J.: 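Have a look at this one.
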Amino acid sequence: MSSHAASAPAVLTADSHATAANKALLVGVAGIVVTLIGLFFSSGHVIAFSWLVGVSYWTALAIGMLLMVMIHHIFDASWSVVVRRQWEHGISAFIPLAVLFAPLVVLAWLPSTRDIVWPWMNPAHELHGHGTVGSDVLYIKKSGFLNRNMFTGMTLAFFAVWIWLSARLRKASFTQDTDGDIRWTRMNRVTSALGIPLTALALTFAAIYWIKSLEYHWFSTMYGVWFFANCIRGALCSTVLIMVWLYRRGDYNGVLNTNHFHSIGQLMLAFTIFWAYVTFSQYFLIWNANVPEETFWYNIREINADGSPNQWKYVGIIIILFGHFVVPFLYLLSYRNKIVQPRIRFIACWVLCVIFFDLCYNILPALKDDLGNAEPLFGINLLWTISAVVGVGGICVWSYLRSLPKEKLIPIRDPRIEESLTHHEQHAH
Amino acid sequence: MAAQPHGLIATFENVSDLMHAAEKVRDAGYKFWDCITPFPVHGLDRAMGVKRSHVPRFSLAGGITGFCTGMSMIWFMNAFDYPLVVGGKPYFSPMFAFPVSYELTILFTAFATIGGMFIMNRLPMHYHPVLKYDKIHRGLDDLFFIVIESRDPRFNSAGTKSLLEKIGGKEITELEA
């Protein structure tokens, strides 16, 4: 509101930035330490799964930001020029994310832990009630795709694609700040034209290898799209948090106006509907076809082996259906909820929390107890999942905060910077 | 005595003159008045103190109607009027009624939005008093106008005329009703 807009911009020194970055790093390390302490209370399986949730959560956000940069360039968008720089800082996190993902790959190559996350990594892995993975016809048919070499090579390729694209987009944009050469804009457009299909393929296969293959019997052609929807929603929500934060701190004062928040709020609403469309389609087709190879995936998220409902049923209805769709959908229909900063910040935080639960819903029920039932969400294991997300998050935020002060706040010499600064000409609320 | 005029019209040379003038008319408390410009001017609605459109309320009502229509239609047809088992599914489930409901949500929202827009902007309008003004065609070309209508409670010929003069309006003319 206008009183905040009037507050004087804080004077920011390199020191204060460094302090903030160090704090984030400290939070990250603390989160990782807490997750490791979890090894004394829960099994290695649980900790490895928690780690997978943490890494895939922040990778999803970074992928979303990478896609937003490329979508911005490919559409030659004007309004988003002033926020694009924040995405460019955000995608610096791919390098630490690759390092943070590495332990899961390394564990798969150690003899004693090769099936700690993905059961199909170990042909001798015993399936509940029927033989081993190696003798499972559904595995044998998929083994050309689901094997350790492919997994390792593909995971390396995903990160290589994302890191390469991020480096190119960042370099061109940052260089344009100094020389103002239009060719950097053109170069980014070409990078984006190539990068969007590459990133789409990489994120689809990443979702299949990292998450969907936890239950490799299952089929869903919607899976990559579901992951993509979460990537974009996560990126948009974290962008809102960054925008509000930098506006309140004074940096974005006079740069952002109501329409920037309106535009990003509209995208949040659009992708809320898109996410619901994809997620519902997946559920509806499986429900309608009623084929056991597919329905079991939802069954373990609804009932125990004895038919009694388990926790995941309520997670699905309350957190996923209402929390991830109904509430943000109805909330974001309102114009004022999109433009008043505390209001859009609230729903951005809300959706970021629910994305975490959505990933939990997709990853954690693959953890089974002795009866073959999904381990419940709410219990001590949730603590390690949260600490893993905080741990990986601290490192990612550290990466962002390290990149932030090195460059100009906005791409001052972008050909469309003026259009972006006067996006429909109104003042922020 | 002639009939009450429709109002007073004044011309302005450029956007910034019009913008500042509009702010002053708004601040003077007029409600029934308008700006005529050759092209859309960003920020003019704000300068005029125009509130956001009420069309979204029509849209919301249309959307809710569409969703309820879809759900109740499928329920009526498959579970009430002619109960039929298809594919071993229950007579009614929101699952298979949902695609229909959401298609109808979109359809009814679109109808309500278009209809609501026409209700709110009162189009089509075959006659408007400003069309009699001999310079009005320049409002499609290079001139900007402010019209203050006589039905505004604050309107009085002399006072409104002096306001229009003070805010820089040229060629202040009385419009026939």
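Quick note on labels: first sequence line is chain A, next is B, and so on, each numbered from 1. For clarity, every value in this text was computed on a predicted model and none was experimentally measured.
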J.: Assess whether atom OH of Tyr298(A) is packed by more than 12 heavy atoms of other residues, nucleotides or ligands within 6.0 Å.
T.: yes
J.: Check the surroundings of atom CD in Glu419(A): do more than 12 heavy atoms from other residues, nucleotides or ligands lie under 6.0 Å from it?
T.: yes
J.: Using non-hydrogen atoms only, which part of Ser93(B) is less than 4.5 Å away from chain A: side chain, backbone, both, or neither?
T.: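 When you check distances to chain A, only side chain atoms of Ser93(B) fall under 4.5 Å.
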J.: Answer with side chain, backbone, both or neither: which region of Phe96(B) has an atom nearer than 4.5 Å to a non-hydrogen atom of chain A?
T.: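 Both backbone and side chain of Phe96(B) come within 4.5 Å of chain A.
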J.: Taking the side chain as C-beta and beyond, is there a heavy-atom pair between Asn288(A) and Met95(B) under 4.5 Å?
T.: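 A side-chain contact is absent here, since even the closest heavy-atom pair is not under 4.5 Å.
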J.: Under 6.0 Å from the NZ atom of Lys170(B), do we count more than 12 heavy atoms belonging to anything else shown?
T.: no
J.: Are more than 12 heavy atoms, taken from residues, nucleotides or ligands other than Phe39(B), located less than 6.0 Å from that residue's CZ atom?
T.: yes
J.: Rounded to the nearest 0.5 Å, how far does NE2 of His42(B) lie from CG of Asn259(A)?
T.: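 Between Asn259(A) CG and His42(B) NE2, I get 8.5 Å after rounding to 0.5 Å.
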J.: When the aromatic ring centroids of Phe98(B) and Phe284(A) are compared, is their separation below 6.0 Å?
T.: no
J.: Flag yes if more than 12 heavy atoms outside Phe219(A) fall under 6.0 Å of its CZ atom; otherwise flag no.
T.: yes
